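Quick notes on the structure that follows.
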Amino acid sequence: MFELSNYHIQVLAFMGINIILAVSLNLINGFTGQFSLGHAGFMAIGAYTAAILTKACGWPFLAATLAGAMLAFLFGLLLGIPILRLKGDYLAIATFGLSEIVRVAIVNFDDVSMKLAGYVGMGDLWPKEITRGALGYPAIPEVKSLLWIYGWAFVTCLVLRNIVRSSEGRAISSIGEDELAAESLGINTARYKTLSFAIGAFFAGVAGALFAHWVTFIKADLFKIDKSIEILLMVVLGGMGSLSGSVLGAVVLTILPEYLRMFAQWRMVIYPVLLILLMLTRPEGLLGKRELSSVVAGLFTRARRPAAAAAT
Amino acid sequence: MTAPLLEIRELDVFYGAVHALKGVSIEVRPGEIVTLVGANGAGKSTTLRALSGLVTPRAGEILFDGASVLGCDPVDIVARGLIHCPEGRRVFAPMSVRENLEMGAFLRRDKPAIAQDLERVYTLFPRLRDRMGQAAGTLSGGEQQMLAIGRSMMARPRVLLLDEPSLGLAPLLVDEIFRIIRKINQEGVTVMLVEQNAHMALRCAHRGYVLETGKVLLHGPASEVEKNPQVREAYLGA
């Protein structure tokens, strides 16, 4: 029987984490139409919170994951209210700034929190090392389980599918389609935009926690804008506004760079060229706004039609 | 004379430094069609945006059914039955015709009444019934305009604010849209109609207001406004 090597398992793990990231970003960027470049920031919040809770506080993995995700959710909720008043490019820049702030805050957390604790006379009680700054956070308890990752990926897809199909999801899609029209119908656009931003942040937090416990060493530099753009690429490639598209985008863009390893230093030339070609031929993404199920159903009806015509 | 259902008093709106509305006062009585005509930039759309809470006026008062709606949230204004059908159709392209119509009733929870209103919209616009399951983006311009009006009707308007419903439509469709506006009005919906097509609008309406650079130039019964030499020269090309 075919044995999975450690390498294959690693790729599968990152694929699952990327699925969670892409599907949750699609809620914000695709369905709600709010261009966010800050997903890596929320991932970092989830990763660090969960890692600190399992390692330093001895929390169980699931509880730490949920705590990290909840913190990301709260950040999304609080920061979404002012930030989501911005539109288009301005929103993209603000969300990018947001994730940079998270990154810089993680790097400087120990120094600043130590001093603050000192001011209120708790300097002796305060732990010296919390995030360990630019050195990175090592020796996180290992949870190398594809079951956890794909379990969460399944939960993410299921929850987001239910949200998108609900009446709230319709409101969210209508904002993405035409914000002014949605507002004129009495849809509370600020509320639904913030909610979708926070829900997206929650699952980015989950992905961060899973990632931290898989690689067991994290540092703030892993959650820079490159990561946000990588996730964005998966969403755009799969099709904005298609959940199964994001899954497909995550799968393709996790595997593709691995296959390109055989071209060694040409890899980073071929990869962008392939992306450009794909976008030229399918600017709406692989699935556009459709879901995989309807595309497959469409193939069947198309295949059946000539047969029916022949019968008459 | 009956009390006005919608009353705008001395409204001032600014876009940054631009003074878009300068002390505009308009009254709409129940059951009327009142039209706002005027050139581009006269402040017609701004008036509607102020009414539906999309822009906040600097001064003035807006009374709807005796209560102030000035500075209210658009959600509250829609809930009270003052419904704005914005310019340019703005249908939700990937959603089906039926889903678009259901979005119009988003704030409502009275399922049987919603079903009734859906039937009413399909009766007003039989073409929409034929295209029920079709994606709104695939409709023709005229059908999209019908859908936009139908979607607003699903919110059960007491006053329907229509912004340029005839914009970019073929003459035959323009006639049909105006016929439907009169029909909606006969069913008891008060209509405030903003139009660049002053000729058609004044024929359809009971009363008319002429706006020029943010001020009301003149107002009166639509037939009189239409006959006014100044209006004829400026807007009717006669």
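Chain identifiers are assigned alphabetically (A, B, ...) following the order of the sequence lines, protein sequences preceding nucleic acid strands; residue numbering begins at 1 within each chain. In what follows, every heavy atom counts, from backbone to side chain, and hydrogens, waters and symmetry copies are set aside. Predicted model, so just to flag it, every value in this text is computed and none were measured.
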Q. Which bit of B/Met95 comes within less than 4.5 Å of chain A, counting heavy atoms only: side chain, backbone, both or neither?
A. side chain

Q) OG/A/Ser184 to CG/B/Asp163 distance, rounded to the nearest 0.5 angstrom? A) 10.5 Å

Q) Using non-hydrogen atoms and a limit below 4.5 Å, what part of residues 98-108 of chain B faces chain A? A) B/Glu99, B/Glu102, B/Met103, B/Gly104, B/Phe106, B/Leu107

Q.
I'd like to know which of B/Asp76, B/Leu54, B/Asp73 tops the heavy-atom pair count under 4.5 Å against chain A.
A. B/Leu54

(Q) Test side-chain contact (heavy atoms from CB on, under 4.5 Å) on A/Leu180 and B/Arg49; report intermediate values, then the result. (A) CA-CA 11 Å; A/Leu180 191 133; B/Arg49 285 164 158 269; 3.3 Å; yes

Q. Does atom CZ of A/Arg282 have more than 12 heavy-atom neighbours from other groups under 6.0 Å away?
A. yes

Q) What are the two closest heavy atoms between B/Val78 and A/Glu183, and how far apart are they? A) CG2-O, 4.4 Å

Q: Between chain B and each of A/Gly176, A/Ser174, A/Ala181, count heavy-atom pairs under 4.5 Å; write down the option with the most.
A: A/Ser174

Q) For B/Val75, is it the side chain, the backbone, both or neither that has a heavy atom under 4.5 Å from a heavy atom of chain A? A) both

(Q) For B/Arg89, which atoms come within 4.5 Å of any heavy atom of chain A: side chain, backbone, both, or neither? (A) neither

Q.
Ignoring hydrogens, what is the shortest heavy-atom contact between B/Phe92 and A/Leu185? Give both atom names and the distance.
A. CE1-CD1, 3.8 Å

Q: Can you tell which part of B/Ala155 gets under 4.5 Å to a heavy atom of chain A, answering side chain, backbone, both or neither?
A: neither

Q) Which atoms of A/Ser173 come close to chain B, meaning under 4.5 Å heavy atom to heavy atom: side chain ones, backbone ones, both, or neither? A) both

